[in-house]
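Whatever order the structure lists them in is the order used to number ligands and atoms, beginning at 1. These figures come from a predicted structure and were not determined experimentally. We use all heavy atoms of the structure for the numbers below, so side chains are in, but hydrogens, waters and symmetry mates are not.
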Amino acid sequence: MVQADPRDANYIASANKALAATQAADYATLGMQLARRQIDIDDITRRVAAFRVAIPSWGVGTGGTRFGRFPGAGEPRNVFEKLEDCAVIHRLTAATPTVSLHLPWDRTDDFVALREHAAGLGLGFDAMNSNTFQDQPNQPLSYKFGSLTHTDPAVRAQAVAHNIECIKAGAILGSRALTVWIGDGANFPGQSHLGKAFERYLESTAAIYKALPADWRLFLEHKMYEPAFYATVIQDWGSSLMAAQALGPKAFCLVDLGHHAPNVNIEMIVARLIHAQRLGGFHFNDSKYGDDDLDAGSIEPFRLFLVFNELVEAELAKAPGFNPAHMLDQSHNVTDPIESLMTSAIELQRAYAQALIVERAKLAGFRAANDVLMSAQTLKRGFTTDVAPILAQARASKGGAIDPIAAYRDSGYRLRCGQTRPGKQSLGGGIV
Ligand code: LRH
Ligand code: MN
């Protein structure tokens with residue numbers, strides 16, 4: 001282990017030197033394999049190199065569950081340190097130039113200084129996230145029984161005001177979108193009027209929508225359950241789409257992969273939202289049971305591939321209004337968050353590359369002929385092709401690391417953070 005800054009271009013170049021020959025050989029071999037399929041590997045690499053995903057600021061600290069949180073060494077203690085860790089992820093993967101902030105977790109009294117700190121690290125800001133699912137110290141009115149859909153108009157007004165505060169902060173930072181996820185709902189049948197709760201949601205989000213700058217988008221995030229365990233006001237893509245269409249052209253639906261019942265066909269939901277021209281973006285992660293917020297591609301990589309297959313189909317078809325924002329939304333309870341976020345960004349690039357190398361003309365032919373088996377085989381061939389040389393080439397072509405995890409570990413960054421960031425380690429439960 002050396003004492004090096006993993007964000008340093010020379011350090012990354014020296015780390016790549018030892019791997020360059022093997023990478024070149026693997027890339028040439030895959031290039032020949034793809035050429036036999038009339039696919040130009042350099043074209044795929046360019047497109048993968050242009051792929052971007054935003055890092056969730058809340059993801060660089062150790063996450064937890066309601067049963068506990070086990071902080072790792074050198075946790076970032078404030079949003080400025082969070083950005084320093086995000087810069088490590090971006091420098092080594094060359095794929096994560098923006099950060100998605102969450103207020104009030106990332107509140108600071110100087111957003112101009114934060115913007116400059118980020119710029120100095122080569123980072124920008126993606127969608128802002130509001131938080132009316134927790135009560136803050138000295139908060140006048142509680143969100144225990146809801147926020148934007150609370151029966152008390154004063155609580156709704158407080159929640160709307162918080163969202164407008166997020167827009168104002170985001171405008172200083174250069175963000176151009178606000179993601180609204182609320183936990184509002186009921187734990188028991190009878191507790192709330194399902195129709196009226198939705199009407200209150202539309203009334204409150206309309207007030208937020210009115211405060212959006214002209215070039216901003218509003219992302220509505222649906223979720224089947226938790227913290228409400230019987231009915232959630234925006235429970236599924238249908239409720240989200242109805243709300244987006246009711247609000248106006250700047251409102252879109254955000255798909256968090258972990259917010260669906262097991263076995264739900266998420267790629268079908270994506271296809272429908274693309275058709276409706278209301279696909280705002282994603283919170284990528286993975287899950288086996290509930291909203292587990294595990295690393296993207298770690299449990300269901302084929303499902304992730306099928307989601308990217310819909311995105312590539314839309315890209316190739318130049319689908320109108322198609323401009324999804326990609327973000328990760330994960331909770332790293334037992335891994336180094338920087339390693340998990342780098343790996344997850346790469347898993348998204350992998351799914352994208354696999355979808356890009358599908359032989360679309362052949363697939364269309366088999367589909368037209370209802371040759372079911374060859375249609376399925378042709379699509380799956382993209383998924384079963386090892387595209388790792390393309391992903392490494394895309395990173396190296398933009399100054400990133402051929403092997404980001406090795407470069408990160410060899411740099412001793414985490415160890416140094418453990419020394420320079422002593423301090424608060426709250427052991428209580430909770431996502432952050
Ligand atoms: C809700 C959610 C939402 C965030 C939160 C951290 O489960 O996915 O996107 O606000 O996680
Ligand atoms: Mn989410």
Side-chain angles (χ1 to χ4, degrees), residues 53-66 69 79 82 98-107 125-136 143 146-149 159 162-163 165-167 169-170 175 177-185 201 205 208 217-229 232-237 239-240 252-261 264 266 269-270 273 279-296 304 307 324-333 337 340-341 344 348 429-432:
V53 59
I55 296 292
S57 62
W58 59 95
V60 285
T62 299
T65 72
R66 58 186 168 166
R69 196 176 80 89
V79 64
K82 289 179 184 176
T98 54
V99 180
S100 191
L101 295 187
H102 218 301
L103 296 184
W105 295 339
D106 299 320
R107 184 174 281 148
F125 294 97
D126 206 304
M128 302 294 288
N129 294 268
S130 59
N131 176 343
T132 59
F133 51 85
Q134 294 171 323
D135 285 346
Q136 305 307 322
Y143 294 133
S147 61
L148 296 176
T149 75
H162 166 66
N163 279 276
E165 179 215 345
C166 294
I167 293 171
S175 170
L178 171 69
T179 296
V180 176
W181 171 71
I182 57 171
D184 294 26
Y201 177 84
T205 44
I208 297 169
R217 299 191 287 176
L218 182 61
F219 297 152
L220 310 178
E221 184 177 2
H222 60 272
K223 183 174 181 179
M224 184 174 69
Y225 78 102
E226 187 205 43
F229 292 104
T232 293
V233 177
I234 304 300
Q235 177 152 352
D236 55 24
W237 71 280
S239 306
S240 179
F252 297 85
C253 306
L254 183 137
V255 178
D256 184 312
L257 270 61
H259 288 186
H260 306 85
V264 161
I266 298 176
I269 294 173
V270 171
L273 292 174
L279 177 65
F282 292 89
H283 278 180
F284 288 110
N285 48 55
D286 214 334
S287 51
K288 183 131 184 87
Y289 305 102
D291 187 20
D292 311 339
D293 281 339
L294 298 172
D295 296 5
L304 186 63
V307 166
H326 299 307
M327 290 162 274
L328 291 166
D329 178 4
Q330 299 175 179
S331 178
H332 310 109
N333 305 352
S340 274
L341 288 163
S344 302
L348 299 186
I431 182 173
V432 294

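For the Mn ion (ligand 2), the set of nearby N, O or S atoms under 2.8 Å includes one belonging to His283. For Asp329, the nearest N, O or S atom to the Mn ion (ligand 2) falls under 2.8 Å.
Closest approach between the Mn ion (ligand 2) and any N/O/S atom of Asp256 involves OD2. Among heteroatoms of the N, O or S kind in Glu221, OE2 lies nearest the Mn ion (ligand 2).
A salt bridge links Glu165 with Arg107: at least one charged nitrogen is closer than 4.0 Å to a carboxylate oxygen.
Distances shorter than 4.0 angstrom occur between a heavy atom of His259 and an atom of ligand 1. Within the 4.0 Å heavy-atom shell around ligand 1 one finds Asp291.
Within the 3.5 Å criterion, the main-chain N or O of Tyr201 finds a donor-acceptor partner in the side chain of Thr205. Here the side chain of Ser344 pairs no donor or acceptor atom with the backbone of Asp295 at under 3.5 angstrom.
Residue Lys223 places at least one N or O, backbone or side chain, under 3.5 Å from an N or O of ligand 1. Of the N or O atoms in Asp256, one or more lie within a sub-3.5 Å distance of an N or O in ligand 1. Considering both main-chain and side-chain atoms, His283 comes within under 3.5 Å of ligand 1 through a nitrogen or oxygen pair. At least one N/O-N/O distance between His102 and ligand 1 falls below 3.5 Å.
Partner His259 forms a side-chain hydrogen bond (donor to acceptor under 3.5 Å, both in side chains) with one of Thr232, Asp291, Asn285 and no other, that one being Asp291.
Contact annotation: for Asn129 versus ligand 1, there are no heavy atoms closer than 4.0 Å.
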